2 protein chains.
Amino acid sequence: MPRNKLDNLNCSIANALDLIGEWWTLLILREAFFGSRRFEDFQQHLGIARNILTTRLRKLCDSGVLERVPVREGARRHEYRLTQMGRDLLPTLIALTQWGDRWLHTRSGAPVKFVERASGEPIANVTVQTRDGRALEPRDLAMVPGPGATEETIERLRLMQSAFKQRNGQ
Amino acid sequence: MPRNKLDNLNCSIANALDLIGEWWTLLILREAFFGSRRFEDFQQHLGIARNILTTRLRKLCDSGVLERVPVREGARRHEYRLTQMGRDLLPTLIALTQWGDRWLHTRSGAPVKFVERASGEPIANVTVQTRDGRALEPRDLAMVPGPGATEETIERLRLMQSAFKQRNGQ
DNA sequence: ATATTTAGTTGCATATTGCAACTATTAATT
DNA sequence: AATTAATAGTTGCAATATGCAACTAAATAT
């Protein structure tokens, strides 16, 4: 990955992308959500080069997104399963899928529909919401320094805020 | 992008990643949500190589995620703004950010906090929900063929379904 | 009129990916 | 038990993408 790691330290997106933003990685995780567990499953479904699959699986295991467990008690062969950290990517994956469904499949419609298993009801679109469930648009959001903000981040957010006020004539 | 384009045709995630899964692209879009609009803004905030920034911006404009508009009426200089298609990536970006906050910033906490502009209240975690607002876990979800499903997709989903039943002893 | 900023382009070194062949276990078959 | 096939990689090399720095050209500012 030739991308600079410089000063990505204080950005969750940059840190997340260092882990799961590499070529193939999100497709591997999609496969994992679809039920793939074994090396050959991933390889055959995705058509990914075997050496790349090796390095991706290793990285995902090292970082705790997947775990490598023996296929049976005491077996030497293993399989790759989502951990809680991996399962926690579901909202991201679904949000991305819905975006693709909406903007990139205008002809034929979504290839896969997600439904609640128990009821068969389609799920809602993933949205950004208040804690009491009102949907928010980009313009309704503001960003403020969190507990892990650096001085640099704080300064950046201050600049954003004043640019926003200026544009809205305040 | 050396990734195979083969048979990605029927997967929204694969198609989405062809557009926004390249190195830097999501960071560029994060910058856009943070208020960057000009070439130099993106370049300086990210430290990205200028030639790569050029190709990424071009691709994002060509595909309709960003638009290239004159800075003022009749000006030759232009800036890059999110389109509706681009703004629609907000849930994906926030979901990814929250994942990073949760799993990769355990020490210091989130660098940036998203709040409702009007009230200052923190937003909720992005979750997958039913249409009446109940949160769903991965195990509560099932996938069924959508309107754009190919025969291959349908077969794949059938296999998943029977594997699921087998694991759960039905 | 000159200098500076902005928005790129170009060329070359380095890093990543794709491909195909090869290896070494493990599981299945005779 | 021996042979075969499937699984899970590794290795080497060619094709691509990225990083860097210098260069260009137009638009603003002085």
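Owing to the predicted nature of the structure, the values given are computational and were not obtained by experimental measurement. Below, chain A is the first sequence line, B the second, and so on; all start at residue 1.
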Original post:
Under the side chain to side chain donor-acceptor pair (under 3.5 Å) criterion, do B/Q84 and B/R87 qualify, and how do the steps go?
Top reply: CA-CA 5 Å; B/Q84 184 56 46; B/R87 285 190 294 275; 3.2 Å; yes
Does [N] have OP1 or OP2 sitting under 4.0 Å from an N or O in the side chain of [X]?
X	N	answer
A/R50	C/dT17	no
A/H78	D/dG9	yes
B/W23	C/dA15	no
B/R56	D/dT18	yes
A/R38	D/dT7	no

Original post:
Counting side-chain heavy atoms from C-beta on, which of C/dT17, C/dC19, D/dG19 comes nearest to A/A49?
Top reply: C/dC19
**OP:** From the options D/dG19, C/dG18, C/dG8, select the nucleotide whose nearest atom is closest to the side chain of B/Y80.
**Re:**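 Within the option list, the nearest is C/dG8.
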Starting at atom [atom1] of [X], determine the distance to atom [atom2] of [N], rounded to an integer number of angstrom.
X	N	atom1	atom2	answer
A/W24	C/dG18	CH2	P	6 Å
B/L27	D/dG19	CG	P	11 Å
A/I48	D/dG9	CD1	P	13 Å
A/E79	C/dT26	CD	P	16 Å
A/L46	D/dA8	CG	P	15 Å
A/Q43	C/dG18	CD	P	12 Å
B/D41	C/dG8	CG	P	12 Å
B/F39	C/dA7	CZ	C1'	6 Å

Original post:
Which distance, rounded to the nearest 0.5 Å, do you find between the CH2 of B/W24 and the CZ of B/R30?
Top reply: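 B/W24 CH2 to B/R30 CZ: 9.5 Å, rounded to 0.5 Å.
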Original post:
Side chains of B/T150 and B/E152: donor-acceptor distance under 3.5 Å anywhere?
Top reply: no
Original post:
Going by distance alone, is a donor N or O of one side chain under 3.5 Å from an acceptor N or O of the other, for B/T127 and B/N125?
Top reply: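 The criterion, which ignores hydrogens and geometry beyond distance, is not satisfied for B/N125 and B/T127.
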Subject >> Side-chain (B/Q129) to main-chain (A/I123) donor-acceptor, under 3.5 angstrom >> reply: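 Pair absent, no side-chain N/O of B/Q129 close to backbone of A/I123.
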**OP:** Ignoring hydrogens and angles, tell me if any N or O in the side chain of B/E116 forms a donor-acceptor pair with the backbone of A/T130 under 3.5 Å.
**Re:** no
Original post:
Mapping A/N51 and A/R68 to their closest nucleotides on DNA chain D, which lands nearer the 5' end?
Top reply: A/R68
Subject >> Per-nucleotide protein contact string for nucleotides 24-30 of chain D (B base, S sugar-phosphate only, - none; heavy atom under 4.0 Å) >> reply: ---BS--
Subject >> Basic-acidic side-chain contact under 4.0 Å: B/E31, A/R156 >> reply: yes
**OP:** Specify the residue among B/Q44 and B/T55 whose closest nucleotide of DNA chain C lies further upstream toward the 5′ end.
**Re:** B/Q44
